[in-house]
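One structure below.
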Amino acid sequence: MKSAYVNHQGKAYASLLCDPDSGAVAILTEIRVDPDFQGRGWGRELLKEITTAADEDEVVLMLSVEPGPEGLNSEELTAWYSRYGWEPVTNTETGEVEPDVLCRMPQATT
């Protein structure tokens with residue numbers, strides 16, 4: 001997996017933190033589309049590129065839902081990510097769902 005994905009001359013980008021030694025988990029730290037170019041499917045394109053790479057490398061993806069000053073709110077972001085296989089994390093100690101922490105397990109590639 002790469003640590004950065006840049007599309008459309010930098011108008012859409014994403015960054016990840018991943019341990020090159022283990023490679024088992026990567027944290028999606030940011031995905032952003034320039035406000036003037038939102039609504040064109042560029043964020044979806046980036047996310048599909050990232051999830052495809054994670055599936056091929058069998059990497060678990062994690063993220064924290066934190067809306068930026070422009071764009072979708074927390075609920076909209078969670079719904080958007082859920083369309084691509086992301087699910088809220090359940091705290092193993094309390095059993096409570098952490099709605100702002102999402103995880104995506106590797107999915108079989110064909």
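When a residue number appears, it is its place in the shown sequence, counting from 1.
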Problem - Shared hydrophobic cluster, Ile31 / Tyr5 (ILVMFWY, side-chain heavy atoms < 4.5 Å) - result: yes
Handout entry: Listed once per pair and sorted, the ring pair (Phe, Tyr, Trp, His ring centres under 6.0 Å) pairs that draw on residues 47-79, sequence neighbours left out
Key = none
Practice task
Nearest 0.5 Å please: distance from the CH2 atom of Trp42 over to the NE2 atom of His8.
Solution key: 5.0 Å
Problem - Over all atoms of both residues, closest heavy-atom pair of Val59 and Ala26 - result: CG1-N, 3.6 Å
Handout entry: Gap between atom CG of Leu28 and atom CD1 of Ile50 - 0.5 Å precision
Key = 5.0 Å
Exercise for the section: Would you name the heavy atoms of Arg40 and Asp36 that are closest together and state the gap between them? Expected result: NH2-O, 3.8 Å
Practice task
Can you establish whether the number of heavy atoms outside Glu58 located under 6.0 Å from its atom CD is more than 12?
Solution key: no
Practice task
Sequence neighbours left out, what pairs pass ring pair (Phe, Tyr, Trp, His ring centres under 6.0 Å) with at least one residue falling in residues 11-30?
Solution key: none
Handout entry: Taking every non-hydrogen atom, the tightest pair across Ser74 and Val65
Key = O-CG1, 3.8 Å
Problem - Steps toward side-chain contact (heavy atoms from CB on, under 4.5 Å) verdict (Tyr81, Leu61) - result: CA-CA 11 Å; Tyr81 284 113; Leu61 294 171; over 6 Å; no
Fill in the blank from the handout: For residues 93-104, the salt bridge (Lys or Arg N to Asp or Glu O under 4.0 Å) pairs (sequence neighbours left out) are Asp55-Arg104
Problem - With sequence neighbours excluded, residues passing side-chain contact (heavy atoms from CB on, under 4.5 Å) with Pro35 - result: Arg32, Gln38, Glu70
Exercise for the section: Hey, could you give me the CD/OG1 distance between Glu56 and Thr51, rounded to the nearest 0.5 Å? Expected result: 10.0 Å
Problem - Members sharing Val89's hydrophobic cluster (side chains within less than 4.5 Å) - result: Leu17, Val25, Ile27, Val60, Met62, Val101, Met105
Problem - Straight-line distance of Leu102 CG to Tyr84 OH, nearest 0.5 Å - result: 14.0 Å
Handout entry: Spacing of Trp86 atom CH2 and Leu63 atom CG [to the nearest 0.5 Å]
Key = 4.0 Å
Problem - Pairs meeting criterion ring pair (Phe, Tyr, Trp, His ring centres under 6.0 Å) with involvement of residues 51-74, two or more places apart - result: none
Problem - Nearest-0.5 Å distance that lies between atom CG in Asp34 and atom CD in Gln9 - result: 12.0 Å
Problem - Residue among Ser64, Ser3, Ser15 satisfying side-chain contact (heavy atoms from CB on, under 4.5 Å) with Thr29 - result: Ser15
Problem - Shortest non-hydrogen separation from Cys18 to Lys2 and the atoms involved - result: SG-O, 4.2 Å
